[in-house]
Amino acid sequence: MDICAFVSFAPCARKVLARGESTCLVPWHVNAPTWPARTSAGAVKRFAQNAAGGSSRAEADEPPVPTPLPPPELIASAVSTKLSLEEALEDATSRALLKLKLAEGQAPSLAIVYVSSLYTDLATSFSNASDSGTGRTASRSGGSAYSPDASPNGAAPMANLVPLLRELVPGLQNIVGCTVSGVIGSRGGRDTVPSDNELREGPSRSNISSAGAFSAEARRKRYSKPVPSAEMRLVDEIEKEPGVSVTFLNIPGIGCTTFAVTEDTLPDLDSSPEVWEQLVFTGQSVTNQVDAAETVPTPADVFAFLVLTESDSVQTDFPNKLLQGLDYAFPRAAKLGGEAAGFGTSSGSLICTLPRDVLLRTSSGLRSKGAVGVAIHRSGPAPSAAAETGSSAKTERRPILQFETLISHGCRAVGPVFVIEGATRRGLLRVRPEGETSASSSMTAGGSLKYLFERASKAEQTLIQSSSLYVGVMQDTFQQKWNDDDVVLTQMLGVDAREGSIELGNPVRSGQLMRYFVVDAFEAKERLQRRLSGFKARQLQETLLRTSGANDMRVIGVWVIADRLRGKALYREECWETDRVAEFVGGNSGLSISGLFSAHELGSWKDGSGMLISSLGHSFSTIIGVVRYGLSD
């Protein structure tokens, strides 16, 4: 048992027992699926005494509280590492659907699909070899680049993904996703080691596109390591190997609206909120969760956005402009997402089905430019209190989703804190060390790099030279005290030696505090655990005080967007981050945890009180979106 949770819980139990009440909440874990939401005071007392090393002989004859059966999951995910993209998609889809326990003819309201870009890369390699007539796989550099707009009959397996998924899940309308450098998802067992015949003969025609680039020797070496068993880990981080992650949403009273946008169709930042609402909702079809007679959802009905961008758009500040517009029109909605990944010169493929794709069943839904996204909002008839509690009450209770974004960067600060004195939208022009007010202390942004290096210790100088350097900027201008945990990391895109300016990945403005950061695995671990511990403490407090605004809010899923340079490359061990998420949030009980490895993370930044400041791109960070569901009081 978690001692910290018990210490917080014990006073509550003592007060309830002293008052003689018959029921008490059991709040020692955010998700406690093996215990009912309420249980008898005697059972609570026995639990507290047993945890403290005591016993309860007086109540030994009281019958134990029965453990309820687990309800159908509202968010379900699965990951597959089969070498054939079609087989991997079918495997992950079938296992995720089993968790939803859908009625006959019912389809999920949304499918989120992340596909390792190795599938597209391997397909290109094999296609080049087949075209040359050699019967051997060609080198990656010797062939043409993979086109994400290839026809469904072409060699690229991505073009078949949406039609195949709709064939596997009849009635599925909304699909979003992208190619990624790595996938995260609930595991159902990795593939077994291929047989000697498979290694000698190579891939069959059905999985040529995904396995053609591996020789028999390379594949034998690849599978020589032990395969993890189902008991070892419930969530996998699949890095540098083919993998597919599929996540389904089927939440009563919750609808999903997909949208796609390019730089040409992006509204101006001076546009009204109505223009941004039209960008998201106009012309979109309704899902199976939404009544066709309903009006378009209002901004107050939108709980969250998932946004995925292609990699080239980061250079033009397109993702930040899109997020800024969504913040303006939908200030209460959380935003999170990532960047599609490709290999070589490819910028990755985006997946988004729109109404016209529903009519054209063979449409690939692939997009190579801009961004795709989905708005998750309230819609359809609200579940009744009678349906949820089994009582005869007729009071309608509306569904509530809460998306809490936990953002944790993986760097430690070096050098002094600077105050930004001059800046363009993404250009850092002039800074001065904090606490110095003389005119001579002001310097160009480029000069601050020299200032940093000259005053660094020998160890820090070595670290600066051997590690990537990031800029951390405090977003809350009202916070006067520097805190390394309250910064947004952004990459340096370039330095103008003549002007002395630095181009950054995120917008900055005069008056903000900034500091330089370098990669540090120890700091990354400590910071992530602090974020998760803080979340668990807040959840426990809300459970005890019922301050969440809804009755019995429970965690139904977790989305993880991690930087592709983290993972095993940073921690020197597999699945370190997702193991911590499962430990703190409840994934060890079977909670759906899914996500991707991205080169650029997108997330909503909040101040200490939980108020949204802005949604921005992040570098070398992990963004954890915790999804909670409940009904309004």
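What you see below is based on every heavy atom in this structure, not just the backbone, and it leaves out hydrogens, waters and symmetry mates.
With Ser598 contributing its side chain and Gly338 its backbone, the two residues share no donor-acceptor pair below 3.5 Å. For Glu237 (side chain) and Thr578 (main-chain N/O), a donor-acceptor pair under 3.5 Å exists by modelled atom type. With Arg531 contributing its side chain and Ile407 its backbone, the two residues share a donor-acceptor pair below 3.5 Å. Under the 3.5 Å distance criterion, the side-chain polar atoms of Ser615 are left unmatched by any main-chain donor or acceptor of Leu323. In this structure a side-chain-to-backbone donor-acceptor pair under 3.5 Å is missing from Thr265 to Val261. Of the possible polar contacts, one joining the Thr353 side chain to the Ile175 backbone as a donor-acceptor pair under 3.5 Å is found. Asp91 places no side-chain N or O within 3.5 Å of a backbone atom of Ser80 that could act as its donor or acceptor partner. Formation of a donor-acceptor pair under 3.5 Å by the Arg95 side chain with backbone atoms of Val79 is found in this model. Under a 3.5 Å cut-off, the side chain of Thr247 and the backbone N or O of Ser77 do not form any donor-acceptor pair. Judged by distance alone, with hydrogens and angles left aside, the side-chain atoms of Asp563 form no donor-acceptor pair with the main-chain N or O of Glu601 at under 3.5 Å.
When all heavy atoms are compared, the tightest approach of Ser181 to Ser117 is CA-OG, 4.4 Å. Between Val555 and Arg628, the shortest heavy-atom distance links the atoms CG2-CG, 3.8 Å. Minimum heavy-atom separation, Thr81 to Tyr119: C-OH, 4.4 Å. Taking all atoms of both residues into account, the shortest heavy-atom contact from Arg554 to Leu74 is NH2-CD1, 3.8 Å. Nearest heavy atoms, Gly617 versus Asn320: N-OD1, 3.0 Å. Between Leu596 and Glu339, the closest heavy-atom pair is CD1-O, 4.3 Å.
Side-chain contact, Tyr571 with Arg566: a donor N or O sits under 3.5 Å from an acceptor N or O. Between the side chains of Thr179 and Ser349, no donor-acceptor pair is found at a separation under 3.5 Å.
Residues Pro399 and Arg378 are in side-chain contact: their nearest non-hydrogen atoms beyond the backbone lie under 4.5 Å apart. Val169 has its side chain within reach of Pro108: a pair of non-hydrogen atoms, C-beta onward, lies under 4.5 Å apart. Contact annotation: the side chain of Leu565 never approaches that of Leu570 to less than 4.5 Å [non-hydrogen atoms, C-beta and beyond]. At least one side-chain heavy atom of Val307 sits less than 4.5 Å from a side-chain heavy atom of Leu326. Between Arg538 and Phe535, the closest side-chain pair of non-hydrogen atoms falls below 4.5 Å. Using a 4.5 Å heavy-atom threshold, the side chains of Phe248 and Ser592 count as separate. Within the 4.5 Å cutoff, no side-chain heavy atoms of Phe584 are placed close to those of Val558.
A 6.0 Å sphere centred on CD of Glu277 holds more than 12 heavy atoms belonging to other residues, nucleotides or ligands.
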Going through the distances and angles, do Glu577 and Arg580 end up as a salt bridge (Lys or Arg N to Asp or Glu O under 4.0 Å)? CA-CA 5 Å; Glu577 289 192 334; Arg580 300 293 79 72; over 6 Å; no
Side chain to side chain contact (heavy atoms under 4.5 Å, CB included) for Val627 and Phe303? Distances and angles first, verdict last. CA-CA 10 Å; Val627 188; Phe303 298 110; over 6 Å; no
List the steps and the verdict of side chain to side chain contact (heavy atoms under 4.5 Å, CB included) for Asn250 and Gln106. CA-CA 10 Å; Asn250 187 58; Gln106 185 183 12; 3.3 Å; yes
Given Leu266 and Leu322, is the side chain to side chain contact (heavy atoms under 4.5 Å, CB included) satisfied, shown in steps? CA-CA 7 Å; Leu266 184 72; Leu322 174 59; 3.9 Å; yes
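The side chain to side chain contact (heavy atoms under 4.5 Å, CB included) test with Val581 singles out one residue from Thr622, Ile593, Ile184, and that residue is Ile593. Each of Asp301, Thr298, Thr257 was checked for a side-chain hydrogen bond (donor to acceptor under 3.5 Å, both in side chains) with His377, and the lone residue meeting it is Thr257. Here the rule is side chain to side chain contact (heavy atoms under 4.5 Å, CB included) with Cys352, and of Leu366, Val374, Thr258, Leu308 only Thr258 fits it.
With rounding to the nearest 0.5 angstrom, the CG atom of Leu100 is 7.5 Å from the CD atom of Glu73. The CD1 atom of Ile254 sits 4.0 Å away from atom CG of Leu401, with the distance rounded to the nearest 0.5 Å. With rounding to the nearest 0.5 angstrom, the CG atom of Leu336 is 8.5 Å from the CG atom of Leu602. Here the OG1 atom belonging to Thr405 is positioned 10.0 Å from the CD1 atom belonging to Ile624, to the nearest 0.5 angstrom. Of the inter-residue distances, the one linking Leu249 atom CG with Ile376 atom CD1 reads 5.5 Å to the nearest 0.5 angstrom. Put simply, CD1 on Ile561 and CZ on Phe597 are 11.5 Å apart, with the number rounded to the nearest 0.5 Å.
Note: Phe305 and Phe259 have perpendicular aromatic rings, judged against thresholds of 30 and 60 degrees for the angle between ring planes.
Taking the six-membered ring wherever Trp is involved, the centroid distance between the rings of Trp276 and Phe330 does not fall below 6.0 Å.
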